[in-house]
Amino acid sequence: HRDLHLSIRRQRQMCIRDRLNVIIFGKPGSGKGTQAAMIKDKYGLIHVSTGDVFRKNTSEGTELGNIAKQYMSKGELVPDKITIAMLESEIKSFMPCNGFILDGFPRTILQAESLDKLLVNLNLKIDLVIALDVPNKNLINRLLERGKTSGRSDDQSKEKINKRLEEYDNKTKPLIIFYENQKKFYSIDGVGSLTDVNNRLVDVIDSKYND
Ligand code: AMP
């Protein structure tokens with residue numbers, strides 16, 4: 001009985017302290033996934049990577065996976081309608097929680113607008129958008145390196161990598177202004193060791209949240 005009470009109380013505290021909803025932003029290969037995983041552990045957040053969800057569905061051969069694969073294999077974005085519906089059900093599946101970190105979403109203005117609407121309905125908001133800034137020449141090498149071990153086909157050809165960088169420029173980059181207008185956008189240098197980059201990230205988060 002006491003245990004049950006404790007766990008209910010803990011759960012309530014977690015809902016109340018919904019203190020940190022972060023978007024980690026950047027080009028393909030900028031280190032979003034790695035850094036998000038580190039931040040998630042440090043702050044006890046839920047980590048949502050839309051790329052990971054798509055890859056899981058692809059490997060399980062679900063309907064969503066089969067559709068997503070057609071786009072992912074070419075280095076193109078999965079259409080908004082599909083991606084937004086998937087993200088919405090992901091977020092609802094782990095609510096309430098202590099906060100979350102989105103990695104790889106949003107990637108278009110429509111996705112960002114839909115996210116804002118969804119969060120308003122859930123009485124939540126995005127607190128911070130942090131971009132990892134890495135020059136293209138570093139990215140291409142990083143992705144080709146990752147391709148050797150990740151098994152990700154979209155990391156294994158220069159054409160697919162270039163297509164993803166092009167998609168970023170055309171569809172994702174406008175989000176910088178979108179979030180600057182909301183006064184939520186921060187950018188940090190994404191070049192350096194994992195620890196160095198992580199320290200820069202933690203500095204931004206703590207400067208807003210440890211007061
Ligand atoms: P990532 O693991 O974040 O690099 O994503 C891998 C691939 O999944 C991308 O190249 C897209 O094809 C697809 N994808 C992931 N997130 C999104 C998103 N928010 N919108 C559209 N496509 C996405």
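Both ligands and their constituent atoms are indexed starting at 1 by order of listing.
- Counting the atoms of ligand 1 from 1 in the order shown, those under 4.0 Å from a heavy atom of Glu76 are 11 (C), 12 (O).
- A donor-acceptor pair under 3.5 Å links the side-chain atoms of Asn57 to the main chain of Val53, judged by distance alone.
- Look at Asp155 and Arg146 and you find a salt bridge, because one of the NZ, NE, NH1 or NH2 atoms lies within 4.0 Å of a carboxylate O, short of that distance.
- A salt bridge does not link Arg200 with Asp203: none of the charged nitrogens is closer than 4.0 Å to a carboxylate oxygen.
- In summary, Lys163 and Glu166 engage in a salt bridge, as defined by a charged side-chain N under 4.0 Å from a carboxylate O.
- Between Asp52 and ligand 1, no N or O atom pair is found at a separation short of 3.5 Å.
- Taking only non-hydrogen atoms, the option from Met72, Arg107, Arg164 nearest to atom 5 (O) of ligand 1 is Arg107.
- At under 3.5 Å, a nitrogen or oxygen of Gln111, whether backbone or side chain, sits near a nitrogen or oxygen of ligand 1.
- Between Lys208 and Asp206 there is no salt bridge, since no side-chain nitrogen of the basic residue lies less than 4.0 Å from a carboxylate oxygen of the acidic one.
- In terms of polar-atom proximity, Val78 is counted as a contact of ligand 1, with an N or O under 3.5 Å from an N or O of the ligand.
- Between Glu60 and Lys56 a salt bridge is recorded (basic side-chain N to carboxylate O distance below 4.0 Å).
- Looking at atom 23 (C) of ligand 1, its nearest protein heavy atom turns out to be Phe54 CE1, 3.7 Å.
- Taking a cutoff of 4.0 Å between a charged side-chain nitrogen and a carboxylate oxygen, Arg164 and Asp169 do not qualify as a salt bridge.
- The N/O atoms of Arg55, backbone and side chain alike, include one that comes under 3.5 Å of an N/O atom in ligand 1.
- Close approach of ligand 1 to Thr50 is summarised as follows: ligand atoms under 4.0 Å from at least one heavy atom of the residue are 15 (C), 16 (N), 17 (C), 19 (N).
- Of the options Ser30, Pro79, Gly104, Pro106, the smallest heavy-atom separation from atom 19 (N) of ligand 1 is shown by Gly104.
- Where the criterion is an N or O separation shorter than 3.5 Å, residue side chain and backbone included, Tyr71 fails it with respect to ligand 1.
- Considering backbone and side-chain atoms alike, Asp103 places every N or O at 3.5 Å or more from each N or O of ligand 1.
- Ligand 1 lies within reach of Arg152, whose nearest heavy atom is under 4.0 Å from it.
- Of all the heavy atoms of Thr83, the ones lying under 4.0 Å from any atom of ligand 1 belong exclusively to the side chain.
- Note: Phe185 and Phe25 have perpendicular aromatic rings, judged against thresholds of 30 and 60 degrees for the angle between ring planes.
- Under the 4.0 Å criterion applied to side-chain N and carboxylate O atoms, Glu145 and Lys148 are assigned as salt-bridge partners.
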